[in-house]
Novice: 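Got a structure for you, questions after.
Just the heavy atoms: all of them, side chains too, but no hydrogens, waters or symmetry mates, feed the values below. Numbers restart at 1 for each chain; the letters A, B, ... are given by sequence-line order, proteins then strands.
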Number of protein chains: 2
Amino acid sequence: MALKPGNPPPDTGDEDIIEPLCAVFRRSLREEGLKYTPERAQILDSIIELDGLFEAEQLLEEVKSKGFRVSKATVYRTLKLLEDSGIIQRVLFDRDQSHYQLAYGRRGNTLLVRVDTGEVEVLELPELVALRDALCKARGLKPEGHRLQIFATSTK
Amino acid sequence: MALKPGNPPPDTGDEDIIEPLCAVFRRSLREEGLKYTPERAQILDSIIELDGLFEAEQLLEEVKSKGFRVSKATVYRTLKLLEDSGIIQRVLFDRDQSHYQLAYGRRGNTLLVRVDTGEVEVLELPELVALRDALCKARGLKPEGHRLQIFATSTK
DNA sequence: CTTGGTGCAAACATTTTGCAGCACA
DNA sequence: TGTGCTGCAAAATGTTTGCACCAAG
């Protein structure tokens with residue numbers, strides 16, 4: 001079975017990140033012999049602007065609304081690069097399309113999804129990480145990351 | 001935002017289920033004024049045969065290999081019905097297509113995915129359920145289900 | 001020049017849908 | 001005779017790719 005789960009959410013530490021994302025991206029690109037182009041910068045800027053969960057189409061809108069002319073192809077290509085850099089991650093909780101979110105320097109693998117309103121909250125659950133690590137250890141496995149989505153509605 | 005996360009994994013209890021799945025399916029269909037047709041029976045049988053994670057195409061193969069002639073459209077339509085009945089659930093951990101698994105009478109929402117071999121183990125984590133419930137309660141929310149995927153590799 | 005980047009449109013893969021015919025109450 | 005079910009093929013969706021042209025070292 002050939003699984004392509006997207007990059008499993010990177011297990012970055014808890015350290016605060018102060019380096020601007022564009023620098024991270026640029027460095028990551030350079031390491032691959034790739035270029036930090038205006039389009040790529042604009043896309044990253046727009047992602048930061050969106051500040052939360054977003055989908056490709058939405059990102060394209062955002063980029064265009066800022067007066068930049070970037071094609072859909074470039075958006076998708078850049079998303080892949082950003083994922084490779086660990087700056088964003090795919091979320092995969094919607095059956096219809098991929099969602100993404102900023103991931104660099106975070107553990108944004110745990111989401112609380114309010115199914116009635118559509119709100120999504122990013123959680124931090126050290127207990128879950130502990131649970132996961134113990135569980136892997138018991139099986140002789142090395143944890144590479146995880147994804148949790150909790151679905152809930154208002155009790156009212 | 002209109003989220004369609006697929007049915008959140010149903011929060012069935014821990015009771016052992018003895019009623020055959022076909023009976024569950026038939027009842028569920030009848031409740032909707034729908035029919036338990038040979039095609040639907042064959043598809044459910046094949047799912048039981050597959051016994052684990054599967055994707056639509058794979059299921060279609062299985063059905064055909066048993067000598068039944070069922071169209072792709074019917075497979076997809078039946079998958080949706082089975083999901084509505086709570087008999088199967090979408091898994092959503094692969095970026096390319098939906099995976100499904102039997103869900104009835106289980107809490108199969110927690111998967112341990114071995115990214116190197118592609119093996120997938122279904123886990124039962126009462127601690128996670130407790131954690132989730134506490135967390136929702138603290139926010140005045142009613143938990144409707146969850147999905148967890150843990151990614152790991154062999155420590156070798 | 002050579003390498004990589006872009007936009008466009010076409011290609012893709014999975015899933016959904018419109019429609020004509022069929023089956024059974 | 002009506003309601004639902006099926007297969008087929010066409011459509012729809014999100015994503016990827018081929019290609020011609022552009023830009024920078």
Novice: What does B:Arg40 touch in the nucleic acid at a heavy-atom separation under 4.0 angstrom: a base, only the sugar-phosphate, or nothing?
Specialist: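 Here B:Arg40 touches the backbone only, sparing every base.
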Novice: Using only side-chain N and O atoms of A:Tyr76, determine if any of them is under 4.0 Å from OP1 or OP2 of D:dT16.
Specialist: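 No, A:Tyr76 has no side-chain N/O under 4.0 Å of OP1/OP2 on D:dT16.
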Novice: Can you tell me if the side-chain N/O atoms of A:Thr74 get under 4.0 Å from OP1 or OP2 in C:dG7?
Specialist: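 So the side chain of A:Thr74 is within the cut-off, an N or O lying under 4.0 Å from OP1 or OP2 of C:dG7.
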Novice: Return the value, rounded to whole Å, for the distance between atom CD of A:Glu39 and atom P of D:dA23.
Specialist: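 Whole-Å distance recorded here is 11 Å.
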Novice: Decide yes or no on side chain to side chain contact (heavy atoms under 4.5 Å, CB included) for A:Gln101 and A:Leu111, but give the supporting numbers first.
Specialist: CA-CA 11 Å; A:Gln101 64 180 1; A:Leu111 302 178; 3.9 Å; yes
Novice: Can you tell me how far P of C:dT15 sits from CD of A:Gln97, to the nearest Å?
Specialist: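 In whole Å, C:dT15 P and A:Gln97 CD are 14 Å from each other.
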Novice: Quick check: are there more than 12 heavy atoms from other residues, nucleotides or ligands sitting under 6.0 Å from NZ of A:Lys137?
Specialist: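 No - once you tally the heavy atoms of other residues, nucleotides and ligands closer than 6.0 Å, there are 12 at most.
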Novice: Can you tell me the distance, in whole Å, between the CZ atom of A:Arg26 and the C1' atom of C:dG4?
Specialist: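 So the two atoms are 18 Å apart, to the nearest Å.
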Novice: Just call it for A:Glu57: base, sugar-phosphate, or nothing, with non-hydrogen atoms closer than 4.0 Å on any strand.
Specialist: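 No contact at all - A:Glu57 keeps every heavy atom at 4.0 Å or more from the nucleic acid.
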Novice: Can you see which heavy atom on B:Leu59 is nearest to which on B:Ile47, and at what distance?
Specialist: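 Reported closest heavy-atom pair: CD1-CG1, 3.6 Å.
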Novice: Quick check on DNA chain C: between B:Lys35 and B:Ala73, whose nearest nucleotide comes earlier from the 5' end?
Specialist: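 Mapping each residue to its closest nucleotide by heavy atoms, the 5'-most match is B:Ala73.
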Novice: Any ring-ring contact (aromatic ring centres under 6.0 Å, His included) involving residues 45-69 of chain B? Give me the pairs, sequence neighbours left out, ordered by first then second residue.
Specialist: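 Matches after skipping sequence neighbours: B:Phe54-B:Tyr100.
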Novice: Atom CD of B:Gln58 to atom C1' of C:dT15: distance rounded to whole Å?
Specialist: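 Taking CD of B:Gln58 and C1' of C:dT15, I get 17 Å after rounding.
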Novice: Could you tell me how far apart B:Glu31 (CD) and D:dG4 (P) are, to the nearest whole angstrom?
Specialist: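 That distance rounds to 16 Å.
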Novice: Need to verify one output field. Residue with the more 5' nearest nucleotide on DNA chain D, A:Tyr100 or B:Leu81?
Specialist: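 The residue whose closest nucleotide sits nearer the 5' end is B:Leu81.
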Novice: In this structure, how many angstroms lie between the P atom of C:dG4 and the CG atom of A:Leu34, rounded?
Specialist: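 To the nearest whole Å, that distance equals 8 Å.
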Novice: Does OP1 or OP2 of C:dT6 have a side-chain N or O of A:Thr37 closer than 4.0 Å?
Specialist: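 Yes, within the criterion.
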Novice: Between P on C:dT14 and CD on B:Glu61, what's the gap in Å once rounded to a whole number?
Specialist: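 From B:Glu61 CD to C:dT14 P: 12 Å.
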Novice: 5'-most contact on DNA chain D: B:Arg69 or B:Glu32, nearest heavy atom basis?
Specialist: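 Per heavy-atom nearest nucleotide, the more 5' residue is B:Glu32.
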Novice: Assess the side chains of A:Glu39 and A:Thr74: does a donor N or O sit below 3.5 Å from an acceptor N or O?
Specialist: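 The answer is no; no qualifying pair exists.
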Novice: In whole angstrom, give the distance that lies between atom OH of A:Tyr36 and atom C1' of D:dA24.
Specialist: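 After rounding, the reported distance stands at 17 Å.
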Novice: Could you tell me whether the phosphate oxygens of D:dT16, OP1 or OP2, come under 4.0 Å of any side-chain nitrogen or oxygen in A:Lys72?
Specialist: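 It does not, given that no N or O in the side chain of A:Lys72 lies less than 4.0 Å from OP1 or OP2 of D:dT16.
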Novice: A:Arg77 side chain: which of D:dT6, C:dC8, C:dT15 is closest?
Specialist: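 Selected nucleotide (nearest to the side chain): C:dC8.
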